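I have placed the structure first, in the form of C-alpha cells, so that the comments after it can refer back to it.
So you know, we letter chains A, B, ... as the sequences are listed, proteins then strands, and number each from 1. For clarity, every value in this text was computed on a predicted model and none was experimentally measured.
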Amino acid sequence: MPELPEVETTRRGIESSLIQHRIVRVLVRMPKLRWPIPAELSQLVTGKTVQRVTRRAKYILLQVDGGSVLIHLGMSGSLRLLQSDLTPGKHDHVDFHLDSGRLLRFNDPRRFGSILWLENDPLDHPLLVNLGPEPLSDGFDGDYLYGRSRGRKVAIKTLLMNNQLVAGIGNIYASEALFMAGIRPDRRAGRVSRARYRTLAACIKEVLNRAIAMGGTTLRDFINADGQPGYFKQTLMVYGRGNQPCSKCRTLLKQIRLGQRSSVFCSRCQR
DNA sequence: ACGAAGCCCTGCAAGC
DNA sequence: TGCTTGCAGGGCTTCG
C-alpha cells in the first residue's frame, strides 16, 4: 500500500519520461474511483505539456499549463510507463498517452485511488491545503510533534497517521518508526516527552529515507513505474510480523488494533 | 476541537 | 472443490 516512500518512488520513476512531453490522448475506462474522474479531464489535459511532476503527502501532481492532474494511488494503485500499444489488462483504469509513443497507465484494483483536475495553485485545493508538513522537510522535527501533541489523548501511532499533523505517514512507517524509537504505539500522544519526540522524529526521517532508497515496500500490490517491486519489506521489523519474535529481544510481537488499524509492537522494547 | 466509527472497493486466505 | 466470511486499509465524512 503506497505510503510516502512508494509514492516518491513512483514520482521519481515517471518524472523524466513526462517532463517536457505533451499528453496527446487521455483514455478513461473506469471513472469510478474514490471520487469520479471529471468528465472533462481528457479535454482539459489533451495537448498540454507536462512542466513538473511533484509530490505533496501521498499525492502526485502532474503540472501542466493552467492546472494540475492530481493522482492518489489509494491502497492498491500504481502508475506504469509502457509502450502505448500495450493491451490494457484488468483494473487498468486510465491511460495518458504521450508524444513519445509511451503511455502512463493507472491501475488500481481496489479503486481507493483518485484522479482529479486542479486549476490554478494545487496547494490551495481543499485536499491539500490542510496537510501538515512533509516529514522529510526541515519544518518537521521533534519539537513540532511535541507542540502539536499536547493535550491529545489519541494513541501516538494514530497521531502519526493523521495527515493534518504530518503528511504521508501510513501504517507501515508509523509502526516501524515507533519500534525504532522504542515507543509503544498505544501510548497517549500527549504523554510522550519532548526528548522522546525528538528521537521519534529522527527515526521517522531515517525509516522514510531508507525505504525510498530501497524503492519502497512491496507487500502485495506495489510496483514502481517500471513494474518492479520495492525491497524495503525485507527490512520491516514489526509491520506484518504479529506473533513473531522481536528481532532485538526475541519476545513475541503483539498485535493490537488502534483506530481500526492493525498495529504490531514489542512490549519489551517499546514502552 | 477532538475522537471514534462508517464507508468506498477488490483480492486473498481461512474455515466449513 | 466451492462457497462464505473476515480482513487488509487511506482518508474523507459523519456523528457523538
| Contact under 4.0 Å: A:H91 side-chain N or O vs B:dC9 OP1/OP2 | no

| task | Can you tell me the distance, in whole Å, between the CZ atom of A:R188 and the P atom of B:dC2? | result | 15 Å

| request: Pick base, sugar-phosphate or nothing for A:D108, based on heavy-atom distances below 4.0 Å to the nucleic acid. | output: nothing

Distance-only check: which donor-acceptor pairs under 3.5 Å involve side-chain atoms of residues 260-267 of chain A, not counting sequence neighbours?
unit_1 : atom_1 : unit_2 : atom_2 : d
A:S262 : OG     : A:Q255 : NE2    : 2.8
A:S263 : OG     : A:K157 : NZ     : 2.7
A:S263 : OG     : A:R261 : O      : 3.3

| query | Any side-chain N or O of A:H72 less than 4.0 Å from the OP1 or OP2 oxygen of C:dG10? | reply | no

| task | Tell me which of A:R150 and A:G259 sits closer to the 5' end of DNA chain B, going by the nucleotide each one is nearest to. | result | A:R150

| Given B:dT10, is OP1 or OP2 found less than 4.0 Å from the side-chain N or O atoms of A:R111? | yes

| request: Give the rounded distance in Å between these two atoms: CG of A:L73 and P of B:dC9. | output: 19 Å

| task | Respond yes when some side-chain nitrogen or oxygen of A:R34 is under 4.0 Å from OP1 or OP2 of C:dT13, and no when none is. | result | no

| said: Please classify the nucleic acid contact of A:T158 as base, sugar-phosphate, or nothing, using heavy-atom distances under 4.0 Å. | reply: nothing

| query | Does a side-chain N or O from A:Y239 land closer than 4.0 Å to OP1 or OP2 of C:dG9, or not? | reply | yes

| said: Please report the distance, rounded to the nearest Å, between NZ in A:K58 and P in C:dC12. | reply: 10 Å

| remark: Rounded to whole Å, the CG-P distance (A:N107 to B:dG11) equals 10 Å

| field | Base of C:dG10 paired with side chain of A:R261 (donor-acceptor, under 3.5 Å) | value | yes

| query | Side chains of A:Q63 and A:T54: is there a donor and an acceptor less than 3.5 Å apart? | reply | yes

| Between P of C:dC12 and CG of A:L131, the distance in whole Å | 7 Å

| said: Rounded to whole Å, how long is the line connecting atom CG of A:L165 with atom C1' of C:dG11? | reply: 15 Å

| query | Among C:dG10, C:dG11, C:dA8, which is the nearest nucleotide to the side chain of A:N163? | reply | C:dG11

| message | Under a plain distance cut-off of 3.5 Å, with no hydrogens placed, do A:Y144 and A:R148 share a side-chain donor-acceptor pair? | response | yes

| Contact under 4.0 Å: A:Y173 side-chain N or O vs C:dG10 OP1/OP2 | no

| request: Please determine, by modelled atom types, if A:N107 and A:H91 share a side-chain donor-acceptor pair under 3.5 angstrom. | output: no

| said: Looking only at the side chain of A:V154 (C-beta and beyond, no hydrogens), which of the listed nucleotides C:dG9, B:dG3, B:dG11 gets closest? | reply: B:dG3

| task | Check every strand shown and say whether A:L127 touches a base, only sugar-phosphate, or nothing at a heavy-atom separation below 4.0 Å. | result | sugar-phosphate

| said: By a 5.5 angstrom centroid cut-off and a 30 degree plane limit, is there stacking between A:F112 and C:dG11? | reply: no

| message | Do the side chains of A:E6 and A:K58 get close enough for a salt bridge, i.e. N-O under 4.0 angstrom? | response | no

| Quick one: do A:R25 and A:D95 make a salt bridge, cutoff under 4.0 Å? | no

| field | N/O (side chain, A:K32) to phosphate O (OP1/OP2, B:dC8) under 4.0 Å | value | no

| query | If only side-chain N and O atoms of A:R152 are considered, is one of them under 4.0 Å from the OP1 or OP2 phosphate oxygen of B:dG3? | reply | yes

| Nearest-Å distance for atom pair NE2/C1', residues A:H93 and B:dC9 | 10 Å

| Distance in angstrom units between A:N130 CG and B:dC2 P, rounded | 13 Å

